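Since the structure is predicted, the reported quantities are computational estimates derived from the model, not experimental observations.
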Amino acid sequence: DAMIFDASTLQLPLTMEADLVVIGSGAGGMAAATAAAEAGLDVLVLESGAFVPPSTMNQRETDMLPQLLQANGGQTTADRAIKIHQGRAVGGSTVHNINLCARIPAPIRAEWAREHGLEHLPPARWDALYAEVERMLAVSLVDASRRNAHNQLLADGAAALGWEWGALKHNRTGCVGSGFCLLGCAFDAKNNAPKVLMPRLLAARGQILSRCQAVRVTHARGQVTGVDAVALDPVHRRPLGRVLVRAPRVCVSASATGTAAILLRSEIPEPSGLTGRTLRIHPAPVAAGEFGQDVRAWEGIPQTVECTEHLDFAAAHPPDGSGDVGPGNRTWIVPAFAHPVGTATMVPGWGAAHRSLMERYPRLAVFTPMIHDLSAGRVRPQGDLGLRIDYTPNAADRAEIAFGVAASARLLFAAGATSVFVPAGGLRELGPNDDLDALQEAIAADPPELTAVHPMGSVPMGDDPKRAPVGSDGKHHHIGGLWVADGSLFPTSIGVPPQVSIYAMGLHVGRAIASA
């Protein structure tokens with residue numbers, strides 16, 4: 001790994017030069033860097049996290065979550081109401097994600113084309129990019145024979161109710177079903193950015209600088225000049241010294257939170273004023289059901305089944321733009337899963353009361369309704385290295401969240417749960433005969449704790465420079481040599497897992513950079 005350097009071990013301050021510097025090494029950044037390097041550019045990737053190879057992944061939450069997640073896994077909105085999990089390692093969120101793969105639904109892409117132009121992304125281009133990414137990641141349906149008891153319960157509940165459900169597509173090869181995906185794969189079975197793209201990037205003479213956090217993009221007279229960054233101490237992550245990169249091209253791929261924060265901190269001119277003001281996150285509450293037998297949800301592959309009964313993209317995104325905001329069209333239900341420590345932090349109570357709830361852990365199934373959200377959150381820089389996320393679900397999304405919790409409770413009971421726990425004014429335990437409509441009203445009035453794993457949409461693309469920060473080629477409208485390649489580009493929420501779309505954007509933008 002001679003081409004992966006750890007900034008914390010180098011002589012500082014450090015000055016470097018490149019044809020292109022890419023900020024962030026997740027699906028978007030690694031794909032853009034690889035495409036540009038293979039086209040002949042001299043590419044340097046900056047990553048604030050560490051390089052964490054599979055051989056060092058020990059399947060312990062206390063060790064792996066701090067290495068693989070922003071803020072040690074404790075990142076939240078400013079009011080602490082919503083946990084937002086994002087990767088921070090070489091490979092970004094592709095290192096800890098659960099490998100779900102889906103294309104952006106056609107009604108959403110059609111709406112984007114109608115409202116934002118997207119001249120560089122006609123349907124044929126999207127389809128070609130998706131086909132390439134799905135080949136590259138070896139995307140396939142998870143076979144029913146690999147379905148664990150937890151996911152089978154979602155299938156059973158949906159079948160009992162006559163609700164639409166199906167198997168999910170994943171990008172995994174050689175999976176042993178250990179169940180530890182969220183902590184990184186010690187078996188290197190994830191076809192993620194480090195496994196699939198990094199060898200290509202390094203073969204094309206690209207370089208990666210880990211533990212190096214970009215602070216701002218430098219620019220003069222309407223052109224980018226490089227990136228001002230810092231090397232981070234491996235333990236407490238405070239700056240050790242400066243890293244200055246001179247480059248005529250910069251691609252920001254720091255995720256929908258980091259990218260917006262860096263652009264704002266860099267004072268990039270942007271007349272639309274949208275940068276950082278249109279964040280979408282797919283907010284997700286949970287409902288947990290207790291069963292008469294062990295579920296042992298931690299065994300086997302997580303998230304192999306989905307319920308799409310309440311996800312109607314055609315209704316939410318009709319051609320006349322009159323979208324039916326529901327509730328009941330924007331809820332995607334999948335099994336949620338937390339390892340023991342994560343579960344223990346979410347279960348309320350202290351001492352013996354907490355222990356008695358945790359003793360029920362083997363018999364619990366947890367479903368999460370992820371909301372295809374309409375609310376616009378906000379991202380701002382905080383100091384040189386931090387950022388602030390504000391996100392409050394609007395009335396339509398609050399109604400959808402309440403609908404989703406009630407629908408998840410119905411699924412759990414239909415699958416045979418003896419009782420269901422839902423987050424409504426603390427933790428409420430329901431029996432099979434309880435009134436779920438009343439529950440829905442209670443949750444709508446008092447929103448539950450939410451978790452989000454799909455931040456997107458904070459630097460939305462569009463071809464009109466007055467109405468969008470960046471074009472549909474990822475090129476910034478208002479400063480030369482500046483590009484964006486990650487989920488920030490999506491003009492709205494997409495209602496499905498975003499990783500294949502982010503890889504596709506990375507390849508698309510990387511090639512645009514190389515041919516500009």
Minimal heavy-atom distance between A468 and P460, with the atoms involved, is CB-O, 3.7 Å
Under 4.5 Å between any side-chain heavy atoms of M198 and M30, yes or no?
yes
Over all atoms of both residues, closest heavy-atom pair of P369 and T331
CB-CG2, 3.6 Å
Residues R211 and D233 bridged, charged N to O under 4.0 Å
no
If we ignore angles and hydrogens, is there a donor and acceptor under 3.5 Å between the side chains of E449 and T451?
no
What's the spacing between T77 OG1 and R378 CZ if we round to 0.5 Å?
15.0 Å
Sub-3.5 Å donor-acceptor pair from the side chain of R265 to the main-chain atoms of G383, do we have one?
yes
Measure up the Y130 and W126 rings against each other and bin them: parallel (under 30°), tilted (30 to 60°), perpendicular (over 60°).
parallel
Is there a donor-acceptor pair under 3.5 Å between the side chain of R246 and the backbone N or O of A18?
no
Short side-chain donor-acceptor distance under 3.5 Å, E111 and H317:
yes
Euclidean distance, R277 CZ relative to S458 OG, rounded to 0.5 Å
12.5 Å
Counting distance only, does the side-chain N/O of T308 pair as donor-acceptor with the main-chain N or O of L311 below 3.5 Å?
no
We want to know whether D79 and Y391 form a side-chain donor-acceptor pair, criterion being a heavy-atom distance below 3.5 angstrom.
no
For W483 versus A516, what's the shortest heavy-atom pair and its separation?
CZ2-CB, 3.8 Å
Does a side-chain heavy-atom distance below 4.5 Å link E400 with H372?
no
Say whether E47 and S25, considering side chains only, have a donor N or O and an acceptor N or O under 3.5 Å apart.
yes
Look up atom CD in E306 and atom CD1 in I333, then write down how far apart they are to the nearest 0.5 Å.
11.0 Å
Please check this pair: side chain of N171 against backbone of N191, looking for a donor-acceptor N/O pair closer than 3.5 Å.
yes
Are there over 12 heavy-atom neighbours, none belonging to R242, within less than 6.0 Å of that residue's CZ?
no
Is L41 close to R249 at the side-chain level, that is, under 4.5 Å between some pair of heavy atoms?
yes
Can you find a heavy atom in the side chain of F187 that is under 4.5 Å from one in the side chain of S178?
yes
Is a side-chain donor or acceptor of R280 paired with a backbone partner of G457 at a separation under 3.5 angstrom?
no
Is any side-chain heavy atom of P381 less than 4.5 Å from a side-chain heavy atom of L387?
no
Check whether any side-chain heavy atom of V22 sits under 4.5 Å from a side-chain heavy atom of V250, and report yes or no.
no
Hey, does the side chain of H116 reach the backbone of G471 with a donor-acceptor pair shorter than 3.5 angstrom?
no
L263 versus T259: any side-chain heavy-atom pair under 4.5 Å?
yes
Side chains of T492 and W112, donor plus acceptor under 3.5 Å:
yes
K169, NZ: over 12 other non-hydrogen atoms inside 6.0 angstrom
no
Identify the two heavy atoms, one from Q213 and one from L232, that lie closest to each other, and give their separation to 0.1 Å.
OE1-CD1, 3.6 Å
Could you check whether R511 pairs with E132 (Lys NZ or Arg NE/NH1/NH2 to Asp/Glu carboxylate O, under 4.0 Å)?
yes
Is it the case that the side chains of R237 and N72 hold a donor-acceptor pair, with the cut-off being a distance below 3.5 Å and no angle test?
yes
If only atom types and distance count, is the side chain of Q70 paired as donor or acceptor with the main-chain N or O of Q86 below 3.5 Å?
no
Check for a donor-acceptor pair, side chain of S266 on one end and backbone N or O of I268 on the other, with a separation under 3.5 Å.
no
Going by an N to O cut-off under 4.0 Å, is there a salt bridge joining R330 and D312?
no
Work out which heavy atom in V500 is nearest to a heavy atom in A102; give both atom names and the distance.
CG2-O, 2.9 Å
Checking the side chain of H339 only, and the main-chain atoms of F180 only, is there a donor and an acceptor separated by less than 3.5 Å?
no
Atom pair CD1 (I281) and CE (M370), whose distance is rounded to the nearest 0.5 Å:
11.0 Å
Under 3.5 Å: donor-acceptor pair, side chain of K190, backbone of V95:
yes
So, taking the atom named CG in D486 and the one named CE in M505, what distance separates them when rounded to the nearest 0.5 Å?
11.0 Å
Are S472 and D463 linked by a side-chain donor-acceptor pair shorter than 3.5 Å?
yes
So do the side chains of L44 and V245 get within less than 4.5 Å of each other, counting heavy atoms only?
yes
If only side-chain N and O atoms count, and only distance matters, is there a donor-acceptor pair under 3.5 Å linking T225 with H219?
no
Roughly how far, to the nearest 0.5 Å, is the OH atom of Y503 from the CG atom of L137?
5.0 Å
